Amino acid sequence: MCGIFAYLNYNVGRERSYIVEVLLNGLRRLEYRGYDSAGIAIDSDMRLMMQGKPYDTASPLVFRQEGKIENLVTSVYSEVHKLDVDLEKLFSVHAGIAHTRWATHGVPAPRNSHPQSSGQFDEFLVVHNGIITNYEVLKQTLIRQGFTFESDTDTEVIPKLAKFVFDKACDAEGGVTFSQVVIEVMRQLEGAYALIFKSPHYPNELIACKRGSTLLLGVNELGGETSRHLFHDVKALTANDKPKELFFSSDLCAIVEHTKNYAAIEDNEIVHIKDGSVSILKFDYEKEKPASVQRALSVLEMEVEQIKKGDFDHFMKKEIHEQPDSLTTSMRGRLKDGVVGLGGLKDHMRTIRRSRRIVFIGCGTSYHAALAARPIMEELTDIPVTMEIASDLLDRKALIFKEDTAVFVSQSGETADTLLALEYALDNGALCVGVTNTVGSTLARKTDCGVHINAGCEIGVASTKAYTSQIVVMVMMALAIGSDKMSTLAKREAIIAGLTKLPEKAGDVLKLDGEMKALAESLIDKQSLLMFGRGNNYATALEGALKVKEVALMHSEGMFAGEMKHGPLALVDECLPIIVIATRDDTFSKQQSVIQQLHARKGRLIVMCYKGDASLVCPDGETRVIEVPQVADCLQPIINIIPMQLLAYHLTVLRGYDVDQPRNLAKSVTTQ
């Protein structure tokens with residue numbers, strides 16, 4: 001959803017133009033999260049004085065614009081020119097903040113964009129990711145105190161509340177620290193949020209805090225290697241006057257080109273940057289003063305190349321073609337001598353094997369990945385497996401028992417509904433397992449144990465390589481959990497043999513790229529598309545249809561083939577394209593029957609089958625086929641989804657839509 005970014009340089013000279021570009025480029029790295037407007041705030045020159053301002057430092061310059069970041073870039077440089085702002089001015093210390101907004105409260109418009117302001121003179125500025133649930137009550141209280149509101153956002157109450165706290169404290173005590181202001185603001189807020197505060201009352205300082213939404217601190221010490229034990233004693237950094245750059249970001253992708261040293265900010269923590277030092281405090285509602293927190297830096301295992309398109313036109317196509325490599329990485333170090341080893345589950349394996357049931361919980365693509373893994377999980381473990389969409393589980397307050405193992409699947413590890421379902425399962429005493437692509441994410445930190453899928457940074461909003469890596473990881477989980485059963489030994493050995501060949505098979509199926517483009521050209525004018533699957537490939541039908549609707553903005557539905565006669569058959573005619581997934585497994589003969597029935601009703605069929613099986617699935621010999629290589633049944637959904645990803649990609653390009661940032665969608669869904 002929203003993306004927040006901040007940059008503070010200390011004891012190192014940076015021109016204003018450089019600072020602006022760092023902020024704007026940080027926003028570009030967050031574009032994939034989805035947004036509809038953007039903004040930044042930097043310091044002005046002292047000569048640009050405003051009459052009556054209640055501080056004697058430089059006033060902030062705030063730029064906000066609807067639409068793409070390039071609209072903001074144009075606006076920034078236009079306004080800078082009008083104001084005659086010196087872009088070459090050198091700052092030895094400067095704090096700037098930036099934001100991409102995904103509209104929740106109020107339409108996309110400059111007045112609703114961030115940074116949001118406390119009012120005249122911009123005494124407090126805030127960028128925000130999340131939702132303040134009690135903003136209406138706070139807004140009415142502030143209106144009675146004489147504040148006027150200019151936006152429709154929930155965020156605007158935050159800087160105005162900060163000004164109210166600041167003014168009240170100054171009237172009563174004659175002074176208040178920046179962290180004291182923010183602590184009192186946090187005390188009043190309800191909901192999920194990550195916030196960064198900037199104020200001319202506290203020049204060259206930044207404060208960040210969070211509850212529920214991801215926020216990261218990046219540290220780049222210049223002129224030497226950053227010490228990995230830097231935050232074991234926070235005062236060590238305080239006493240360190242070395243030139244440095246400090247960053248706040250919603251995502252590691254925005255800081256990797258600047259530094260690999262970072263710390264994940266925990267819920268209810270306040271991170272205060274002042275005089276080049278970092279202080280971390282822990283907020284507690286029941287305590288007047290927060291406690292100091294010690295924190296070690298982590299080292300980011302990501303390369304800058306991962307966040308660039310390389311030779312591809314779009315991130316989605318790059319990530320589709322990266323799947324042979326991402327599958328290899330997901331399995332690396334986990335398959336040894338025919339045995340699956342998952343260190344993240346090792347200490348809890350006995351509990352998992354004794355579970356009453358395994359409950360897969362996710363949303364969207366992650367839910368589909370879990371659905372694809374369910375049959376093999378049941379077969380190898382002899383444990384009942386149930387599926388739950390996270391939001392539906394919460395709506396129903398579904399029964400979760402302490403004897404259950406709840407497996408939470410999320411690419412980002414920050415999906416709001418999934419995290420709320422996690423809290424619910426933890427409260428009910430279940431063993432909670434996380435499957436995520438994001439090291440240090442909320443899901444990774446809050447679950448009892450888990451497995452990282454190691455698919456690499458995924459920028460395109462429509463998940464591709466993370467989906468296939470999720471399936472591989474959950475298949476390996478099934479192999480590990482069921483490894484104590486001799487009755488399934490032959491099956492497990494066959495699957496492990498298949499896993500070793502899987503990246504090569506994925507590379508083979510990518511050769512269908514041109515064929516999928518030709519198919520997309522034949523479907524470009526169609527309004528709807530149906531996909532039928534069953535067994536292992538019911539999930540493939542759902543995920544393939546989701547990809548088409550996500551990026552190509554074309555109505556598509558994935559359906560369970562066994563339900564065809566219970567309604568969907570009425571839609572069949574010679575115009576409606578229908579894709580039937582009929583790779584050979586235990587349901588193959590049933591899919592052959594489905595194909596016959598659709599053909600009898602003059603359906604426009606496209607059939608996916610194994611290489612050499614066209615004659616078995618084409619009643620008339622003229623049906624269009626997509627031939628894919630054969631792998632083990634439980635791995636076939638990984639191979640079968642790749643042509644559907646390519647089809648969705650080419651349909652989107654041919655229809656002229658934005659592939660990497662589809663309309664109305666966000667990569668990381670951090671609101672309910």
Side-chain angles (χ1 to χ4, degrees), residues 368-369 371-376 378-379 387 467-468 471 475 491 494-495 498 505 508-509 512 515-516 519 523 528-548 556-574 576-648:
H368 296 159
L371 185 64
R374 177 175 67 172
I376 196 64
E378 284 185 324
E379 183 179 350
M387 300 294 306
Y467 174 75
T468 51
I471 298 174
V475 168
K491 178 81 171 183
I495 294 170
K505 299 289 187 180
D508 289 343
V509 81
L512 294 173
E515 188 177 326
M516 289 303 100
L519 177 58
L523 300 176
S528 294
L529 174 67
L530 298 185
M531 295 190 190
F532 285 109
R534 71 191 306 156
N536 291 304
N537 282 295
Y538 174 42
T540 307
L542 293 176
E543 176 63 11
L546 177 61
K547 285 292 151 286
V548 171
S556 55
E557 293 296 329
M559 297 184 177
F560 184 70
E563 290 291 295
M564 181 191 68
K565 294 185 289 294
H566 301 283
L569 199 58
L571 298 172
V572 178
D573 60 24
E574 63 272 12
L576 177 67
I578 302 170
I579 297 176
V580 180
I581 302 163
T583 46
R584 263 192 279 174
D585 57 18
D586 291 342
T587 66
F588 180 63
S589 62
K590 295 176 181 178
Q591 288 297 78
Q592 286 180 302
S593 176
V594 166
I595 292 167
Q596 291 285 356
Q597 293 176 64
L598 293 171
H599 180 69
R601 289 160 179 80
K602 300 182 179 180
R604 181 179 173 180
L605 292 178
I606 303 154
V607 179
M608 182 181 293
C609 64
Y610 286 153
K611 288 181 180 178
D613 276 2
S615 61
L616 300 177
V617 296
C618 299
D620 56 359
E622 298 178 359
T623 300
R624 190 164 196 155
V625 296
I626 304 168
E627 293 188 306
V628 296
Q630 180 177 358
V631 293
D633 288 354
C634 64
L635 303 178
Q636 198 65 49
I638 295 167
I639 297 300
N640 291 356
I641 195 59
I642 294 175
M644 299 298 96
Q645 294 170 346
L646 291 168
L647 174 62

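Here the structure is a predicted model, which is why all the values come from computation and not from measurement.
Using a 4.0 Å cut-off between charged side-chain N and carboxylate O, E543 and K547 make a salt bridge.
Within the 4.5 Å cutoff, the side chain of L616 has no heavy atoms near those of the C609 side chain. Residues S528 and L576 have side chains in contact (heavy-atom distance under 4.5 Å, counting atoms from C-beta outward). Contact annotation: the side chain of M644 approaches that of I626 to within less than 4.5 Å [non-hydrogen atoms, C-beta and beyond]. M516 places none of its side-chain heavy atoms less than 4.5 Å from the side chain of I642. Side-chain atoms of K505 and I638, non-hydrogen and from C-beta on, never get closer than 4.5 Å to each other. Side-chain contact between I639 and T583 is absent, with no heavy atoms from C-beta onward closer than 4.5 Å. The shortest side-chain heavy-atom distance between V617 and F588 falls under the 4.5 Å cut-off.
Taking both residues in full, the closest heavy atoms of L371 and M387 are given as N-CE, 3.5 Å, listed atom of the first, atom of the second, then distance. Contact detail for I471 and P637: the closest heavy-atom pair is CD1-CB, 4.4 Å. The shortest heavy-atom contact between G498 and L635 is C-CD1, 3.7 Å. Across all their heavy atoms, F532 and P568 have their closest contact at CZ-CB, 4.2 Å. Contact record, M531 with V548: CE-CG2, 4.0 Å, taken as the closest heavy-atom pair. A pairwise comparison of heavy atoms in C618 and V625 identifies SG-CG1, 3.2 Å as the closest pair.
To the nearest 0.5 Å, atoms CZ (R534) and CG (D586) are separated by 11.5 Å. Taking NE2 from H599 and OG1 from T623, the interatomic distance works out to 6.0 Å, rounded to the nearest 0.5 Å. I578 CD1 to L571 CG: the interatomic distance, rounded to the nearest 0.5 Å, is 8.0 Å. Taken from CD1 in I579 to CZ in R604, the straight-line distance is 10.5 Å, to the nearest 0.5 Å.
Distance alone, capped at 3.5 Å, is enough to place a donor-acceptor pair between the S556 side chain and the A545 backbone.
Of the residues I581, N536, V628, T540, the one that meets the side-chain contact (heavy atoms from CB on, under 4.5 Å) test with Q636 is V628. Exactly one of Q596, Q597, K590 qualifies for a side chain to side chain donor-acceptor pair (under 3.5 Å) with S593. That residue is Q597.
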Let's go through I376 and K491 carefully: what are the C-alpha distance in whole Å and the side-chain angles of both, what is the deciding distance for side chain to side chain contact (heavy atoms under 4.5 Å, CB included) to 0.1 Å, and is it a yes or a no? CA-CA 10 Å; I376 196 64; K491 178 81 171 183; 4.0 Å; yes

